[in-house]
Amino acid sequence: MSKHEKKSFINKEIMLKAIKDSFVKLNPKYMIKNPVMFVVEIGFLITLFLTFLPNTFKEQDTNIQLYNAIVSAILFITVLFANFAEAVAEGRGKAQAESLKKTRKDTKAKLLDKNGNIKIINASDVKKGDIVLAEMGDIIPNDGEVVEGLAFVDESAITGESAPVLKQAGSDFNSVTGGTKVKSDWLKIKITAVPGESFLDRMINLVEGASRQKTPNEIALTMVLVSLTMIFLIVIVALYPMAQYSHVKIPVSTLIALLVCLIPTTIGGLLSAIGIAGMDRVTRFNVIAMSGKAVEACGDVDTMILDKTGTITFGNRLAADFIPVGKNSMEIVGRFALISSLKDDTPEGKSVIELAKKLNIEIKPEEYENNKYIEFSSQSRMSGINLPNGVQIRKGASDSIRKFVLEQGGTVPNDLEGVTAKISRAGGTPLVVCADKEIFGVIYLKDTIKPGLVERFARLRQIGIKTIMCTGDNPLTAETIAREAGVDEFVAECKPEDKIDVIKREQAAGRLVAMTGDGTNDAPALAQADVGLAMNSGTQAAKEAANMVDLDSDPTKIIEAVEIGKQLLITRGSLTTFSIANDVAKYFAIIPAIFTLAIPQMKLLNIMGLASPKSAILSALIFNAIIIPLLIPIAMRGVKYKPMSAKAILARNMAIYGLGGVIVPFVGIKLIDLGLNPLLKVLNLV
Amino acid sequence: MGILQIVIILLLIFVLSIPVGKYIYKIISGERCFVDPVMNRVDNLIYKISGIKKEQEMNWKQYAVALVLTNLVLTVILFAILRLQNLLGLNPNGIGPMEQSLSFNTAISFITNTNFQSYSGESGASYFVQMILTCFMFVAPATGLAAAAAFLRGIIGKSKSLGNFFVDLTRFITRLLLPVSIVLALVLVFQGVPQTLSHNQTVATIEGKMQDIPLGPVASLEAVKNLASNGGGFYGANSAHPFENPTPLTNIITIISLGLIATATVVAFGHMLKNKKQAWVLFGVAAFLLVLSVGVTYYSESKGNPVLERVGLNQSMGNMEGKELRFSVAESSLFTGATTAYQVGAVNSMHDSLTPAGGMMAMWNMMLQTAFGGKGTGFIYLLMFAILTVFLCGLMVGRTPEFLGKKIEGREIKMVAIAILLHPLLILIPTAISLITPGAAASTSNPGFHGLSQILYNFTSASANNGSAFAGMMTNTVYYNVLIGIIMLVARYLPIIAMLAVAGSMASKKPVPESIGTFRTDNTIFAVTLLGVIIIVGALTFFPALALGPIAEQLTLR
């Protein structure tokens, strides 16, 4: 996991801000968005009223005023705790947004008119469709596409990655983000975003939580919580006349205390914090989710579509072996391969040199210094050097080299075919090495699977996610890599349109599909997929189509996103279960407490042996309040998640949060009672 | 002995539910069945006469409209018949028209499968009315079963249609309720239950006094009364009356028929789903709740009443107050458990005279409605709690919750929430209002905790569409007739409509293929969780009310 994980979820600055915000959020206009806590706030107002006017209901209890005051104080703290949880979650996002906002300083932009004249205007005045010039040292005014030029751009403001990246017109790396800085050369950029709606703006909004909307799942859960709240409201409203009929006097503040204890305040207080923290966890992975819905959808993913190149493998094929053909030795193949690669700057070329070094094949490089390097081109499909004595040394695709040799009247060794076929079958690429008309052997270029991926695919299988690898390779190569990496299915010779077909096929079977992509031709597939993760290095079109953008441009992050999505739902479910299970103990604390004075036999139900009725009620209420801040760390970090079968996860969480939810309050309330009762005696409230 | 008796009868119900469940499955699915050669003709004739197009498939809205409208029309007809019973013949005992509010209550009571009776059959209903009521005893449960059939098709099915209400209604009556009732009625006649149109007899008893012996077409009503969750007796004393339930054999037959169809519905669900394990999980949960309540009732009843013991009355036979001498405490306890768990409402002992704990378990059964529950509707409630449980569990495994391969989302949860919210609303609020309304509270025969229990029991019975009564209370007042009538109406149709909506919405969803990451609902963990949710959400809601009623009464009894 990433380094971000280990950071403490709170610091002093966030803490202070959160405390302030928890008071601001007391505004009923805001509270009503959280119906459960809104009920608590109303309860607080009623008990507060009764603190000042204790005779409203003609209650004859001893010290009723003080009692009302204590109840209202605990209720007030309960609401504050819930607000605090939300504020802390938001605070972390806000801190991040602040640092982003710093990059959005008001800068100038160089607007180009039709004749190519430069006009200096404010960056915020740049409109969509304008063409601007950004030279070395300039900050790019808004998101756009490079239409001309080539430059290195420092994107650290957004990605945190300090190494500048190359942007070039007409390539898949032509998209630039507002707020980033040109480090070399110049770019002409066509602006594609409306002012105020740039990627940076959206990102600030998202991490700040300003544009946060309740997700469908949150809405459904809120429905459950609201209906539970209403059920208990009915219970309490009905209890008052029932008690009156049975000649049991229940102070109104006790009824409110019972109500607050029974309604699911724990999850009600933590629900939005869980959602915000889930988004935040994604952000900490340097992935920007366009909505909370996208993060949740991750948890539901059934099928993951992954590109082979760049995602599963490094993509650049590295030399793994020199295989001689004919009567040649490995030494000779290695020698000529090495010579042909001396001036080759490609990763393949470099890897040939490395391999030769490893195999102790040595030449004197200075002998070859003045040779002419023949670069690889898509027409010739080979590269190499021409020695001063006219010898042409080449390495390249099998058929090209074969043609090259035959043209010069050479022969092709009989075993070449077998060797290259074998390499292809194994998922490698054969590069044939020759000098003039003689073929020496083959360089075995191997596509390497990224370390750790095999284990991660196994983990995905454990949680029931199917992986499909898409590659432009031939079926043989594709199969080898697929087998080595451990993906469940592969699509060979895959064109971008084929990806959409695969997605549609999976979706038709009722599965939720996630995919990653970066190129413009990935955009339709990204849009079609339920979860689309675009690379920040990719094109604007891809980023627009996706519902998540990975700032580090690491396609394997989709796996983490899925786990975070699951963890989000698990946290929500576990804390809800905990909250509901708590009610058992609270009933057994409060019901006997309410009735024991009028019906002494009721003390039989006081199975916790709580000291006095008032102490029992207040202990339950205090437990109900302090459990919220105690659970904030779980809400923020999420319930621990390990890939397991659904049954195992359920059994584990049910034991911890279900059974634990029944037992913990019994212990907690008893402990609070032990400490509270002497205090109440002093206050004459027993 | 008592326990053995209870165990044997319960086992008989459970074992018999297996073949009956398969048969009900065939009724719902239309799969070929041995009765087809005869019954297809009968059904087709009925379709032809009443203009039912049996191929016409209904979506959930059409189904709900057909169900509600059919029931509404029948209610109006029944109301008219009750008001005019003195003019309609077959009234050898010369009974006058039924009072307005009582007619309102009775009409709703019988169409909603509640059979709450604020009248005594002997003195309040003509033979014609009794026979009409017998008809309603077929229609009302068949409506509940039809709703369950539609619900099942929706949540399992691949098509968007929920079936055809009229076809379901017909098939349940002609293939299940009618034939079984005919056989049962003949057995009852054999055991001494009257089936006659002759008027009441006045005879001289051995004490030399004169006594009216009420007669009537009892056996025909009695059979379907017990079989189909009705519970409305021919006589005021219901199954405690020797002419309704004369012998220990009829008592056993009655208990079995109380539970058979509701239990078998769960088995039918397993066949429909092609996943018997899933059905057994629900079966296990319901059976556990049933056995628990019967066990507690039996324990409490056989311990007797400590107050009576103190004044020197031997309680070694258990609490026999309000029980018939021909039935033991065990038989009465089992009957009480079954009639309240299955929402039948027939009684063979006076529930008002149960020990407070026994009376509480009767209420508890009606509060939960899931210990198999009423015909069709009980199973719907069970699945509703299952959906709520799935929602919580589903989140806990990190996926949008799925049940039977369909995603459970906001819409379904909203409907489930309405249905679950309704029950405490319809029980607690009216109870509270009645307790503080002087005239209403005066209807109770006892003050204090027992009085609260009486009122609580009656509203619980009405909201659960059970129909049994805590007999000590006088409910034939305009206030109670109207209030209870409205409660029965809302409690019956709102959940059915809500659940049909759930079925409709689930039917239109694409099934999600199962994977190892899918949370399965056919195992023990789910069963235990479901039980926990039912008890915490379903029962604890009523804990404060029960504490002030039966719990307080039991605790102060010593």
Side-chain angles (χ1 to χ4, degrees), chain A residues 216-217 219-221 223-224 226-228 230-232 234-235 237-246 248 296 299-300 302 462-465 509-511 565-567 569-570 572-574 576-577 580-581 583-584 587 591 595 599 601-602 604-605 641 645-647 649-651 653-654 657-658, chain B residues 388 391-400 405 408-410 412-414 417-418 420-421 424-425 428-429 431-433 435-436 441 448-449 451-452 456 510-513 515-520 523 525-526 528-529 532-533 536-537 540-545 547-549 551-552 555-556 558:
Chain A
N217 178 271
I219 292 171
L221 182 56
M223 200 87 72
V224 173
V226 168
S227 63
L228 283 175
M230 280 166 76
I231 287 179
F232 291 120
I234 293 168
V235 170
V237 167
L239 184 58
Y240 192 69
M242 283 188 203
Q244 223 175 27
Y245 176 83
S246 310
V248 179
E296 266 172 29
D300 282 348
D302 300 290
Q462 256 180 332
I463 54 177
I465 294 175
R511 300 197 179 91
K566 282 198 180 297
Q567 201 187 23
L569 293 178
I570 292 176
R572 217 176 260 160
S574 299
T576 306
T577 306
I580 295 173
D583 277 5
V584 178
Y587 265 120
I591 293 293
F595 299 137
I599 313 161
Q601 290 89 339
M602 277 281 185
L604 203 75
L605 292 181
Y641 173 74
S645 73
K647 197 176 167 185
I649 297 180
L650 180 67
N653 290 334
M654 199 49 97
Y657 297 96
Chain B
L388 186 64
F391 184 74
L392 295 178
C393 291
L395 287 182
M396 279 170 76
V397 302
R399 285 175 72 92
T400 301
I408 305 291
E409 289 161 307
E412 288 78 37
I413 287 296
K414 194 162 147 191
I418 289 175
I420 289 181
L421 187 65
L425 179 75
L428 294 176
I429 298 298
T431 303
I433 293 173
L435 286 171
I436 49 171
F449 307 133
L452 192 143
L456 181 65
K510 228 186 281 170
V512 182
S515 76
I516 191 171
T518 313
F519 152 62
R520 295 186 67 92
N523 51 32
I525 302 180
F526 181 73
V528 173
T529 314
V533 170
I536 293 181
V537 176
L540 280 188
T541 308
F542 297 102
F543 186 42
L548 276 175
I551 294 178
L555 291 176
T556 50
R558 33 199 93 235

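If you're wondering where the values come from, they're calculated on a predicted model, not measured in any experiment.
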*Step by step, work out the side chain to side chain contact (heavy atoms under 4.5 Å, CB included) result for M396(B) and M654(A).*
CA-CA 8 Å; M396(B) 279 170 76; M654(A) 199 49 97; 4.1 Å; yes

Are [X] and [Y] close enough that some pair of their side-chain heavy atoms sits under 4.5 Å apart?
{"X": "T529(B)", "Y": "T577(A)", "result": "no"}
{"X": "F449(B)", "Y": "I599(A)", "result": "yes"}
{"X": "P544(B)", "Y": "I591(A)", "result": "yes"}

Pairs of heavy atoms under 4.5 Å with chain A: top-ranked of [options]:
{"options": "G394(B), A545(B), G448(B)", "value": "G448(B)"}
{"options": "L540(B), I408(B), L392(B)", "value": "L540(B)"}
{"options": "L548(B), V512(B), L428(B)", "value": "L548(B)"}
{"options": "I433(B), I536(B), V537(B), I418(B)", "value": "I536(B)"}
{"options": "L435(B), I420(B), I429(B), T431(B)", "value": "L435(B)"}

*Measure distances from Q462(A) to the heavy atoms of chain B and classify the residue's part below 4.5 Å as side chain, backbone, both or neither.*
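Looking at Q462(A), just its backbone touches chain B.
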
_Given heavy-atom pairs under 4.5 angstrom as the criterion, report whether the side chain, backbone, both or neither of Y245(A) touches chain B._
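Contact with chain B: side chain only.
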
Part of [X] within contact of chain A (heavy atom distance under 4.5 Å):
{"X": "L425(B)", "result": "both"}
{"X": "L388(B)", "result": "side chain"}
{"X": "V528(B)", "result": "neither"}
{"X": "L452(B)", "result": "both"}
{"X": "R399(B)", "result": "both"}

As an exercise: rank [options] by heavy-atom pairs under 4.5 Å with chain B and give me the winner.
{"options": "V237(A), L605(A), I231(A), D302(A)", "value": "I231(A)"}
{"options": "V235(A), I649(A), I465(A), L239(A)", "value": "V235(A)"}
{"options": "L221(A), V248(A), T576(A), D583(A)", "value": "L221(A)"}
{"options": "S227(A), P241(A), G658(A)", "value": "P241(A)"}
{"options": "S645(A), G299(A), G464(A)", "value": "G464(A)"}
{"options": "L650(A), I219(A), L228(A), V584(A)", "value": "L650(A)"}

*asked:* Can you tell me how far apart CD (E409(B)) and CE (M223(A)) are? Round to the nearest 0.5 Å.
replied: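 Rounded to the nearest 0.5 Å, the CD-CE separation comes to 11.5 Å.
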
Minimum-distance pair of heavy atoms, taken over all atoms of [X] and [Y]:
{"X": "N217(A)", "Y": "F391(B)", "answer": "O-CZ, 4.3 Å"}
{"X": "M602(A)", "Y": "L555(B)", "answer": "CA-CD1, 3.9 Å"}
{"X": "A651(A)", "Y": "I525(B)", "answer": "CB-CD1, 3.7 Å"}
{"X": "A547(B)", "Y": "F595(A)", "answer": "CB-CE1, 3.8 Å"}

*After noting the C-alpha distance and the side-chain angles of I580(A) and V533(B), does the key distance pass the side chain to side chain contact (heavy atoms under 4.5 Å, CB included) rule?*
CA-CA 9 Å; I580(A) 295 173; V533(B) 170; over 6 Å; no

